[in-house]
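Please read the structure below before turning to the comments.
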Amino acid sequence: MAAKDITARQATHVAIIMDGNGRWATSRGWPRLVGHRRGANRVRAIVRAAPGFGIRYLTIFAFSTENWKRSTEEVIGLMALFARYIRNEADKLDEAGVRVNFIGSRDRLDPNIQNLMAGIEQKTRTNDRLVLTIAINYGGRDEIVRAARRLASDVAGGKLQPGDVDEAALEARLDTADLPDPDLIIRTSGETRTSNFLLWQSAYAEYEFTETLWPDFTAEELGRIINRFGRRERRFGGVLSA
Ligand code: FPP
């Protein structure tokens with residue numbers, strides 16, 4: 001490939017499917033929650049490192065609409081971990097200029113967690129060094145259905161004509177309305193599925209799959225992936241100019 005064909009790209013919005021916590025723990029004979037706890041430490045490290053790699057938006061998949069099928073003990077343990085993360089990290093994230101927000105459906109979450117989520121969103125709302133979006137009770141199909149419902153309700157209420165329903169109208173009603181589309185989606189633990197994550201938004205995203213289990217994922221590996229991404233071409237369905 002000629003050098004002139006290589007377009008250096010910055011991964012401005014990176015999204016991560018943090019997979020492999022359970023395997024990391026069970027392979028050591030430990031409860032799955034130990035893996036999630038270790039996973040939460042990796043979240044801290046990756047959030048800290050992200051701005052140094054030019055990342056402005058970091059979106060992480062913490063709990064899917066399907067994760068309710070796990071054991072009650074694991075679901076409760078994960079929710080407690082999210083609550084602790086928000087409580088312990090709020091000041092540090094704020095001082096570091098991180099704006100935190102959440103995507104996903106909140107109705108089914110415990111009111112205490114809902115309050116913590118609203119609190120950290122409010123506290124950090126004017127920060128702009130990094131936008132950290134945490135997906136909790138999130139599913140791409142569920143998000144699109146909820147957006148479609150909002151569209152239907154706006155049409156029924158006369159706020160929108162059926163002919164005005166276009167991509168922009170739907171996008172404006174997604175949970176991610178304020179975010180650019182992800183440039184790069186990383187999935188750890190060797191699985192190569194997209195698992196209902198950012199279905200609409202990933203139309204032109206690059207994917208990177210790594211064998212590393214999330215509790216072992218380091219800032220150095222993130223850096224290597226970002227560098228590789230920078231050297232890849234992205235055509236968005238068109239043709240690069242010579
Ligand atoms: C997938 O691993 C991971 C999850 C379902 C939970 C992700 C949660 C964390 C990383 C913990 C902390 C998050 C925050 C935001 C503080 P898995 O359990 O499916 O692993 P397995 O496929 O090996 O079983």
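Both counts, for ligands and for their atoms, begin at 1 and track the order of listing.
- Proximity of Arg84 to ligand 1 is not established, as no heavy-atom distance is less than 4.0 Å.
- Ligand 1 has a nitrogen or oxygen under 3.5 angstrom from a nitrogen or oxygen of Gly20.
- In this structure, Ser189 falls outside the shell of residues with a heavy atom less than 4.0 angstrom from ligand 1.
- The pair Asp94-Arg99 fails the salt-bridge criterion, with no side-chain N (NZ, NE, NH1 or NH2) lying under 4.0 Å from an Asp/Glu carboxylate O.
- Atoms of ligand 1 lying under 4.0 Å from at least one heavy atom of Asn67, given by number and element, are 5 (C).
- Atom 9 (C) of ligand 1 has Asn21 ND2, 3.6 Å as its closest protein atom, hydrogens excluded (heavy atom only).
- What you find for Thr124 and Val100 is that their closest heavy atoms are OG1-N, 2.9 Å.
- For the pair Arg32 and Trp30, the cation-pi criterion (under 6.0 Å, within 45° of the ring axis) is not fulfilled.
- Considering Thr59, Asp181, Asp183, Thr176 as possible partners of His13, the one that fulfils the side chain to side chain donor-acceptor pair (under 3.5 Å) test is Thr59.
- Against a heavy-atom cut-off of under 4.0 Å, Trp214 is close to the following atoms of ligand 1: 10 (C).
- Applying the 4.0 Å criterion to heavy atoms of Ala62 picks out, from ligand 1, the atoms 6 (C), 7 (C), 8 (C).
- Neither the backbone nor the side chain of Thr26 comes within contact range of ligand 1; no heavy atom lies under 4.0 Å.
- Salt-bridge formation is detected for the pair Glu191/Arg23: a Lys NZ or Arg NE/NH1/NH2 atom is positioned less than 4.0 Å from an Asp or Glu carboxylate oxygen.
- Classification of Arg173 and Asp154 as a salt-bridged pair holds, one side-chain N sitting under 4.0 Å from a carboxylate O.
- Between the choices Arg70, Glu74, Arg23, the shortest heavy-atom distance to atom 18 (O) of ligand 1 belongs to Arg70.
- Here Glu121 pairs with Arg106 in a salt bridge; the nearest charged N to carboxylate O distance falls below 4.0 Å.
- Neither the backbone nor the side chain of Trp24 has any atom closer than 4.0 Å to an atom of ligand 1 (non-hydrogen atoms only).
- At least one N/O-N/O distance between Gly22 and ligand 1 falls below 3.5 Å.
- Taking a cutoff of 4.0 Å between a charged side-chain nitrogen and a carboxylate oxygen, Glu143 and Arg146 do not qualify as a salt bridge.
- For ligand 1, the atoms sitting less than 4.0 Å from at least one non-hydrogen atom of Met18 are 1 (C), 2 (O), 3 (C), 10 (C), numbered in the order shown with element in parentheses.
- At a heavy-atom cutoff of 4.0 Å, ligand 1 is contacted by no atom of Glu191, backbone or side chain.
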